[in-house]
Amino acid sequence: MTEPTSKFDNSFESVDPLANYRNTCSQLLESAVMEFKVKKVPQMEIPTSPELADFAYPCFSLAKDLKLPPQKIAEMLLNKIGAVENLKISAVKGYLNFKINLKPLAGATIPLILKEKQEYGTFPNIGKRIILEHTSANPNGPFHVGRARNPIIGDTLARLLRKVGYEVEVQYWVNDMGKQAAILGWGVQNLSGDSLPAAGSTKKDHELVRYYQSAYKKMEEDPDVEGVITRMIQSYERGDIDELNKLKKPCSDVLAGMVESLERMNIFVDKFVWESESVLDGGVDEVIAKLKKSKITKEEEGAYYLDLEGYELGGKTSRFVFTRSDGTSLYTTRDLAYHWNKLQNCDIAINILGEDHKLQARQLEIALKIMGMEHVPEVVFYSFVSLEEGKMSTRKGQVVYLDDLMEEAAARARKEVETRRPELPDDKKSEIADVVGLGAIRYNLIRVQPEKKIVFKWMDALNFEGNSAPFVQYSHARACSILRKAEEMLAGYSDYSTDLLDSPAEDELIRNLARLPSLIHECAHTRKPHPVAAYAYKTAALFNQFYKDCPVLPAESDELRASRLALVEASRWALAVALDLIGINAPEQM
RNA sequence: GGGCCCGUGGCCUAGUCCGGAUAUGGCGCCAGCCUUCUAAGCUGGUGGUCCCGGGUUCGAAUCCCGGCGGGUCCGCCA
């Protein structure tokens with residue numbers, strides 16, 4: 001199964017306004033370089049600042065081969081290529097620069113966006129199926145912010161992958177076995193709600209986590225309780241269906257509360273797969289049987305493990321234990337069964353995991369290969385969100401719950417709306433506050449590359465200015481406001497001419513709008529969500545610039561007004577598309 | 001002890017894979033801009049040993065080696 005490379009393959013003219021130009025430039029470049037008779041496939045790059053060029057080729061390495069100054073090479077290439085329609089090619093400081101003329105670019109980009117609207121940047125179906133697993137948090141209590149990064153990265157990637165034409169199924173693997181499920185189950189069966197501290201919310205996850213916390217404490221204090229819990233674990237791991245069903249109920253209740261939180265964040269799961277299913281349907285037994293046949297499988301006191309000595313896993317790890325002495329399975333075994341099954345039902349499996357799972361993911365991969373699975377899951381790892389005081393911990397009370405963060409964000413946004421738009425009806429205010437507040441949270445957690453750790457600060461999470469979701473949403477709302485007013489004054493723009501858009505602000509904005517499809521393509525295929533946030537911000541900033549420099553409704557002529565209105569609408573859709581990809585709603589007013 | 005990841009102005013951050021054009025932007029701070037389409041905005045200024053030391057190269061934030069600091073992992077837990 002070969003993935004399309006991150007290099008663009010130029011077959012998407014109808015989706016990407018830059019595709020034709022990129023194709024042409026690289027062909028011109030390639031044939032010109034070929035004349036030097038060097039074996040080199042020149043790679044174009046996107047220059048740091050867009051005024052310079054849309055594509056550029058640095059001539060330094062060629063200069064070395066030919067023993068000529070880079071600038072000289074650039075000039076020679078320029079001469080060989082000569083004049084090309086719609087392109088301005090120049091040789092500057094050792095670079096061969098290709099700049100697309102604004103008029104043809106605007107003429108290709110704006111009508112395309114106006115036609116596609118929300119579908120701008122949507123690529124044709126690839127005919128491949130992806131199962132993307134994200135979150136899979138234990139259902140024993142509400143989400144805290146430390147865990148929120150997982151669903152946010154996962155959901156954004158799912159949106160990106162769908163946008164470039166994959167069929168994506170999002171799965172959440174529910175850990176309903178394990179010790180934490182037994183503790184929760186014991187708590188619900190043996191504790192009365194009155195004896196517990198009041199819940200911070202009426203949501204099921206917040207209510208039930210009290211049983212978990214209290215049961216955990218009792219288990220630590222009382223060996224009898226621990227004994228009971230251990231027996232519960234043993235019986236359901238042997239496949240005791242009654243015991244499992246008893247435990248599944250509270251898990252499922254907690255999960256319902258967690259899902260509510262996810263949905264409020266615009267995150268939707270297609271399928272929940274229960275860990276216990278892999279035991280009940282024989283999947284785990286199958287895995288154990290397969291692994292036992294491996295040459296590197298060893299046994300010690302009845303427990304079976306893979307001897308991974310030769311795999312260079314680092315540290316002191318060399319064993320992957322897949323059955324206990326009593327023959328029952330471990331979490332990793334069940335995870336293996338889940339993945340065995342999952343991989344059979346998709347072309348590509350992607351998992352979003354915390355960096356603490358790196359070793360485990362590697363072991364899983366090795367075990368899958370030993371079992372004869374030819375493809376293994378791709379994993380996107382992320383670092384943790386911690387507090388300034390340190391790691392988040394539910395038991396130490398050192399947590400910020402996602403629900404509380406969402407409430408606070410919405411409340412803060414509500415206050416802003418109240419002062420800015422006092423005339424709006426109440427429900428409209430609330431609606432805007434929600435969209436802005438929750439957008440700020442998602443934006444803040446997706447804008448940083450996943451491998452960097454994040455220290456949670458209320459000030460950052462609730463930032464409504466600068467590099468933030470509300471900044472982008474505000475630009476979108478401004479665009480919508482102009483369009484609304486245009487409609488009121490019946491200023492249609494069917495006879496606009498993109499040729500009239502030639503100020504510097506318009507130029508930069510249009511070039512940026514044209515880049516969106518290739519950005520989407522790149523981000524999806526490299527599995528990097530964070531540049532989408534940067535793009536949304538950049539587009540909003542350029543739109544604000546345009547907004548300030550180029551009066552739309554008060555434009556000097558009807559034709560100019562019509563043309564600018566077209567650009568406003570195109571910008572509006574690009575902003576909406578980018579926001580949607582990061583799961584943020586684009587309000588029409590705020 | 002070993003493996004993996006991170007280390008860019010006071011704070012946050014892009015760029016790092018694939019080395020090149022004056023290192024991207026935000027927050028903060030300072031000075032301006034609301035009688036023209038929403039000031040959650042715009043303009044200008046301030047601020048950098050790209051953790052440190054070597055090496056490779058015409059050229060290193062980027063590649064290699066060695067340190068330092070932080071995160072994370074190394075269970076018959078999940």
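Values below: all heavy atoms of this structure, side chains included; hydrogens, waters and symmetry mates excluded. Quick note on labels: first sequence line is chain A, next is B, and so on, each numbered from 1.
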Student: Side-chain donor-acceptor contacts of residues 301-308 of chain A below 3.5 Å, not counting sequence neighbours, with atom names and distances?
Tutor:
{"residue": "A/Tyr305", "atom": "OH", "partner": "A/Arg319", "partner atom": "NH2", "Å": "3.3"}
{"residue": "A/Asp307", "atom": "OD1", "partner": "A/Glu309", "partner atom": "N", "Å": "3.2"}
{"residue": "A/Asp307", "atom": "OD2", "partner": "A/Lys298", "partner atom": "NZ", "Å": "2.5"}

Student: Quick check on B/rG15: is either OP1 or OP2 less than 4.0 Å from any side-chain nitrogen or oxygen of A/Gln449?
Tutor: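 So the side-chain polar atoms of A/Gln449 do come within 4.0 Å of the phosphate oxygens OP1 or OP2 of B/rG15, strictly under.
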
Student: Would you measure the distance from the P atom in B/rA21 across to the matching atom in B/rG67 and give it in whole Å?
Tutor: 31 Å

Student: In whole Å, measure the gap between the C1' atoms of B/rU35 and B/rC30 for me.
Tutor: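 Nearest-Å result for B/rU35 against B/rC30 at atom C1': 29 Å.
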
Student: Please say which of A/Arg511, A/Arg515, A/Lys88, A/Lys99 ends up in a salt bridge (Lys or Arg N to Asp or Glu O under 4.0 Å) with A/Asp54.
Tutor: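 Among A/Arg511, A/Arg515, A/Lys88, A/Lys99, the one meeting salt bridge (Lys or Arg N to Asp or Glu O under 4.0 Å) with A/Asp54 is A/Arg511.
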
Student: Take A/Lys64 and A/Phe546, find for each the nucleotide of RNA chain B with the closest heavy atom, and name the residue whose nucleotide sits nearer the 5' end.
Tutor: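 On the 5' side of the pair lies A/Phe546.
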
Student: Under 4.0 Å from OP1 or OP2 of B/rC17: is there any side-chain N or O of A/His525 that close?
Tutor: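 No, outside the criterion.
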
Student: Might you list the N or O atoms of the protein lying below 3.5 Å from N or O atoms in nucleotides 75-78 of chain B, with each pair's distance?
Tutor:
{"residue": "B/rC76", "atom": "O2", "partner": "A/Ser325", "partner atom": "N", "Å": "2.7"}
{"residue": "B/rC76", "atom": "O2", "partner": "A/Ser325", "partner atom": "OG", "Å": "3.1"}
{"residue": "B/rC76", "atom": "N3", "partner": "A/Ser325", "partner atom": "OG", "Å": "2.4"}
{"residue": "B/rC76", "atom": "N4", "partner": "A/Glu300", "partner atom": "O", "Å": "3.1"}
{"residue": "B/rC77", "atom": "OP2", "partner": "A/Arg324", "partner atom": "NE", "Å": "2.6"}
{"residue": "B/rC77", "atom": "OP2", "partner": "A/Arg324", "partner atom": "NH2", "Å": "2.8"}
{"residue": "B/rA78", "atom": "OP1", "partner": "A/Arg324", "partner atom": "NH2", "Å": "2.9"}
{"residue": "B/rA78", "atom": "OP2", "partner": "A/Tyr331", "partner atom": "N", "Å": "3.1"}
{"residue": "B/rA78", "atom": "O2'", "partner": "A/Asn138", "partner atom": "ND2", "Å": "3.3"}
{"residue": "B/rA78", "atom": "O2'", "partner": "A/Gln180", "partner atom": "OE1", "Å": "3.4"}

Student: Could you give the distance separating B/rG55 and B/rA14 at their P atoms, to the nearest angstrom?
Tutor: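 Pairwise P distance, B/rA14 against B/rG55, rounds to 30 Å.
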
Student: For nucleotides B/rA39 and B/rC52, find the distance between their C1' atoms and express it as a whole number of Å.
Tutor: 45 Å

Student: Using a 4.0 Å heavy-atom cut-off across all strands, classify A/Pro47 as base, sugar-phosphate, or nothing.
Tutor: base

Student: Using the six-membered ring for Trp and the full ring for Phe, Tyr or His, decide whether A/Tyr547 stacks on the six-membered base ring of B/rG41 (centres under 5.5 Å, planes under 30°).
Tutor: no

Student: Applying side chain to side chain donor-acceptor pair (under 3.5 Å) as the test, list every pair that has at least one member in residues 544-555 of chain A; sequence neighbours left out.
Tutor: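 Of all non-adjacent pairs touching residues 544-555 of chain A, those that pass side chain to side chain donor-acceptor pair (under 3.5 Å) are A/Ser475-A/Asn544, A/Arg478-A/Asn544.
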
Student: Residues two or more places apart in sequence or in another chain: which of them pass salt bridge (Lys or Arg N to Asp or Glu O under 4.0 Å) with A/Glu431?
Tutor: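 For A/Glu431 the salt bridge (Lys or Arg N to Asp or Glu O under 4.0 Å) partners, ignoring immediate neighbours, are A/Lys428.
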
Student: For A/Val417, answer base if it contacts any base atom (sugar-phosphate contacts may also be present), sugar-phosphate if it contacts only those atoms, and nothing otherwise; contact means non-hydrogen atoms under 4.0 Å.
Tutor: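 The answer is base, as A/Val417 lies within the cut-off (heavy atoms under 4.0 Å) of a base atom.
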
Student: Nearest of B/rA21, B/rG70, B/rU43 to any side-chain atom of A/Lys548?
Tutor: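 Minimum distance to the A/Lys548 side chain belongs to B/rU43.
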
Student: With sequence neighbours left out, what residues match A/Ser468 under side chain to side chain donor-acceptor pair (under 3.5 Å)?
Tutor: none

Student: For a quick check, with a 4.0 angstrom heavy-atom cut-off, what is the B/S/- contact string for nucleotides 25-32 of chain B, read 5' to 3'?
Tutor: SSS-----

Student: So A/Ala56, base contact, sugar-phosphate only, or nothing? Heavy-atom distance under 4.0 Å.
Tutor: base

Student: For B/rC37 and A/Arg484 - does any side-chain N or O of the residue sit under 4.0 Å from the phosphate oxygens OP1/OP2?
Tutor: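 No, outside the criterion.
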
Student: Paired with B/rC42: which nucleotide, if any, by Watson-Crick or G-U wobble criteria at under 3.5 Å for both distances?
Tutor: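 Pair assignment: B/rC42 / B/rG32.
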
Student: Write down the distance separating the C1' atoms in B/rA60 and B/rC51, rounded off to the nearest Å.
Tutor: 16 Å

Student: Without decimals, in angstroms, what is the distance between A/Phe381 CZ and B/rG71 C1'?
Tutor: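 That distance rounds to 15 Å.
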
Student: Counting any heavy atom closer than 4.0 Å, what does A/Cys480 reach on the DNA or RNA strands: base, sugar-phosphate only, or nothing?
Tutor: nothing

Student: Reckon A/Glu355 touches a base, only the sugar-phosphate, or nothing at all at heavy-atom distances under 4.0 Å?
Tutor: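 Here A/Glu355 touches the bases of the nucleic acid.
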
Student: Which part of the nucleic acid does A/Phe464 contact within heavy-atom distance under 4.0 Å: base, sugar-phosphate only, or nothing?
Tutor: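 Base, at least one base atom sits under 4.0 Å.
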
Student: I need the single residue from A/Tyr338, A/Phe320, A/Trp173 that forms a ring-ring contact (aromatic ring centres under 6.0 Å, His included) with A/Tyr331. Which is it?
Tutor: A/Trp173

Student: Test your reading of the model: is there a side-chain donor-acceptor pair from A/Arg149 to the backbone of A/Gly146, 3.5 Å cut-off?
Tutor: no

Student: Taking atom P in both B/rU22 and B/rC18, what distance in whole Å separates the two?
Tutor: 24 Å

Student: Using a 4.0 Å heavy-atom cut-off across all strands, classify A/Ser481 as base, sugar-phosphate, or nothing.
Tutor: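 Touches a base.
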
Student: Distance between the C1' atoms of B/rA23 and B/rC77, in whole angstroms?
Tutor: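 Per the computed distance, 46 Å lies between those C1' atoms.
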
Student: Using O4'-C1'-N9-C4 for purines and O4'-C1'-N1-C2 for pyrimidines, with syn meaning within 90° of 0, is B/rC65 syn or anti?
Tutor: anti

Student: Closer to the 5' end of RNA chain B via nearest nucleotide, is it A/Pro531 or A/Pro470?
Tutor: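 By nearest-heavy-atom nucleotide position, the 5'-most residue is A/Pro531.
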
Student: Take atom CD1 of A/Ile482 and atom C1' of B/rG41, then tell me their distance rounded to the nearest Å.
Tutor: 12 Å

Student: Counting side-chain heavy atoms from C-beta on, which of B/rG7, B/rG41, B/rA21 comes nearest to A/Lys452?
Tutor: B/rG7

Student: Using a heavy-atom cut-off of 4.0 Å across all strands, would you classify A/Gln473 as base, sugar-phosphate, or nothing?
Tutor: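 Nothing: the residue A/Gln473, judged by heavy atoms under 4.0 Å, touches no strand.
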
Student: Assign A/Arg421 to base, sugar-phosphate, or nothing according to its heavy-atom contacts below 4.0 angstrom with the strands shown.
Tutor: base

Student: Checking all strands, does A/Ser475 fall into the base, sugar-phosphate, or nothing category for heavy-atom contacts under 4.0 angstrom?
Tutor: nothing

Student: Categorize A/Ala181 for me: base, sugar-phosphate, or nothing, with a 4.0 angstrom heavy-atom threshold over every strand shown.
Tutor: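 Since no nucleic acid heavy atom lies under 4.0 Å of A/Ala181, the category is nothing.
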
Student: Taking the C1' atom of each, how far is B/rG7 from B/rG48, in whole Å?
Tutor: 15 Å

Student: Over all strands shown, is A/Val568 touching base, sugar-phosphate only, or nothing at heavy-atom distances under 4.0 angstrom?
Tutor: nothing

Student: Rounded to the Å, how far apart are A/Leu308 CG and B/rC74 C1'?
Tutor: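 Distance check: A/Leu308 CG to B/rC74 C1' gives 13 Å.
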
Student: Rounding to an integer number of Å, can you tell me how far A/Leu96 CG sits from B/rG20 P?
Tutor: 17 Å

